[in-house]
Amino acid sequence: MFTIKGKTGTWEIVIGLETHIEVLSNSKIFSGASADYNPSVAPNTQVSMVDAAMPGMLPVLNEYCVDQAIKFGLGINAEISHRSKFARKQYFYPDLPQGYQISQPAEEPPIVGRGWVEIMGDDGNPKKILIERAHMEQDAAKNKHDMHPTKSFVDLNRSGVMLLEIVTFLDTKNPENNSYITSPDEAERYLRQIREIARALGVSKANMEEGSMRADVNVSVRPVGEKTFRTRTETKNMVSFKFIKAAIEYEARRQIEIYENGGTVSQDTMRYHPDDNITTVMRSKENALDYRYFPDPDLLPLIITDERVERIRKTMPELPSATRVRYIEKFGLSEYDATRLTETVDISHWYDAAVDGKAERAKPIANWMISELFAHPENYDIENQKSGVVDGMRIITPNDLAELVDMIASAEINGKQAKEIFIKMLDGESGTPHEIADKFGMKQITDTGAIETAVDEVIKNNPAQVEQYKSGKTGLLGFFVGNVMKATSGKANPAVVNEMLTKKLG
Ligand code: ADP
Ligand code: MG
């Protein structure tokens, strides 16, 4: 368990995350305007009357968005509500033209109910993180304060794009139920898990750098062994794993210090300042916003039939957790290798494309990826699996790697030559591994006649070592193999060399 040593004792951290992911769909959740609001799109060009909150305009629910929420719910093993509602969450801010955000009511079941995901806990064992709910809501517009010295602008392109907010569960009635996040590392692993599930399902790009995933971080601390939960603070709008971890740690230490000095923590909303790595109070509980939630009279309750859920369940692609099990059980990979190759959906897609269903490739490809390719991230396009040369850098594709391991398997080249071809590709050599092997004359010598000549030569030139070998120093075999390989410029098939030497020296 992750703990922090204070002056008076040892403390544990309790963490709850509210994660927002931007949902992929062609149009917005309540209008027909395009939901693609990327920065290259001119401001205020993808805005319907609904998104601009023109009087009298009525929202129409996008059923594809609903399917996306259901899909994600199934991906986190959650109950899907047969009936949920939309509510207005009221606050005033220029990025919210309606004066309220359409969300789902906090005190009633949202579309996605109780679920869970599995992460690796700090003790290295699988750990379930319970999820309380995931609900649908609209994103706000974007305020722009840096375009004019005295004016601010609003870009409504993002207004009304669907968000899914996923909230982790804390079993306050049963504090011994430890299926919640208890360390900065677990928080990161949980968020990565959510990201990969969303990506595998095509529900969201869930990319923190691009802003399609953000999190509010709730933190409290308690002395190890204490049975109840203490007051938490909430740090808003975090958009990087690194800062989330730093903010949790800072906030936990700040709270511990307050308790150890005899104070109490108040339930404040905090802001994190990355430059100074500190949190400060954004608003205190007394000034908490009252959102005056009320049912949205323009939207009917959302009714979801079992048939609809089952129809979506049938279209679910393999989730990262299942991919991992498949690699271990079907391909015989180690836990470690399977975990590395399922760190992101892009990596496992790349790996699957290289293996291409051929089980004999599974282990060699895994080894090459983990021990060679991962060291050169600039040399493979994990997302698009494209080939070609980018900035003078050769992009290695799944096909390239597949061809390379097949050439080793069929004894066309040996491992050393494969490594040379690989390095040539890294250095920008174009062509397939076959073409590179041809160009540089790197065919392996399997012809026993040619190898025998080299073996005889080496034995003849090293009588002292032969004597020692024969008197029991069999460790010298490597010496002979090395010399034969040198004599054949590394081209001999090492298996053949080994066998022949053992026989002749025997
Ligand atoms: P709010 O409605 O104020 O956002 P929620 O009940 O929705 O509060 O909880 C928000 C998040 O905070 C949830 O993930 C929840 O598990 C977490 N949380 C609640 N109480 C605590 C606590 N004492 N310590 C840490 N996290 C907490
Ligand atoms: Mg909340």
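When a ligand or atom number is given, it counts from 1 through the structure's own listing order. Remember, predicted model here, so these are calculated numbers, not experimental data.
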Item to check | Any Tyr327 side-chain heavy atom under 4.5 Å of Asp352 side chain | outcome: yes

Next on the checklist: Tell me whether Glu132 has any N or O atom under 3.5 angstrom from an N or O of ligand 1.
Outcome noted: no

Checklist entry - What atoms of ligand 1 come within less than 4.0 Å of a heavy atom belonging to Thr168? => result 13 (C), 14 (O), 15 (C), 16 (O)

Next on the checklist: Under a 4.0 angstrom heavy-atom cut-off, which atoms of ligand 1 come close to Val167?
Outcome noted: 13 (C), 14 (O)

Next on the checklist: So, regarding Gln267 and ligand 1 (criterion: nitrogen or oxygen to nitrogen or oxygen, under 3.5 Å), is there a contact or not?
Outcome noted: no

Checklist entry - Between Arg326 and Glu329, does at least one N-O distance fall below 4.0 Å, as a salt bridge requires? => result no

Checklist outcome for this item: With Lys71 as partner, the option from Ile197, Val203, Val309, Val23 fulfilling side-chain contact (heavy atoms from CB on, under 4.5 Å) is Val203

Checklist entry - Can you check whether Ile129's main-chain N or O pairs, donor with acceptor, with Glu118's side chain at less than 3.5 Å? => result no

Checklist entry - Using heavy atoms and a threshold below 4.0 Å, how should the contact between Leu17 and ligand 1 be classified: side chain, backbone, both, or neither? => result backbone

Item to check | Polar contact flag for Glu234 and ligand 1 (N/O pairs, less than 3.5 Å) | outcome: no

Checklist entry - For ligand 1, which atoms sit closer than 4.0 Å to a heavy atom of Val14? => result 24 (N), 25 (C)

Next on the checklist: Which of the numbered atoms in ligand 1 are under 4.0 angstrom from any heavy atom belonging to Gly16?
Outcome noted: 14 (O), 17 (C), 26 (N)

Item to check | Test side-chain contact (heavy atoms from CB on, under 4.5 Å) applied to Met136 and Leu302, step by step | outcome: CA-CA 11 Å; Met136 306 171 69; Leu302 176 54; 4.1 Å; yes

Item to check | Polar atom proximity, Arg232 to ligand 1 (N or O, under 3.5 Å) | outcome: yes

Checklist entry - To the nearest 0.5 Å, what is the distance between OG1 (Thr279) and CD (Glu249)? => result 12.5 Å

Item to check | For Lys173, salt bridge (Lys or Arg N to Asp or Glu O under 4.0 Å) partners two or more places apart | outcome: none

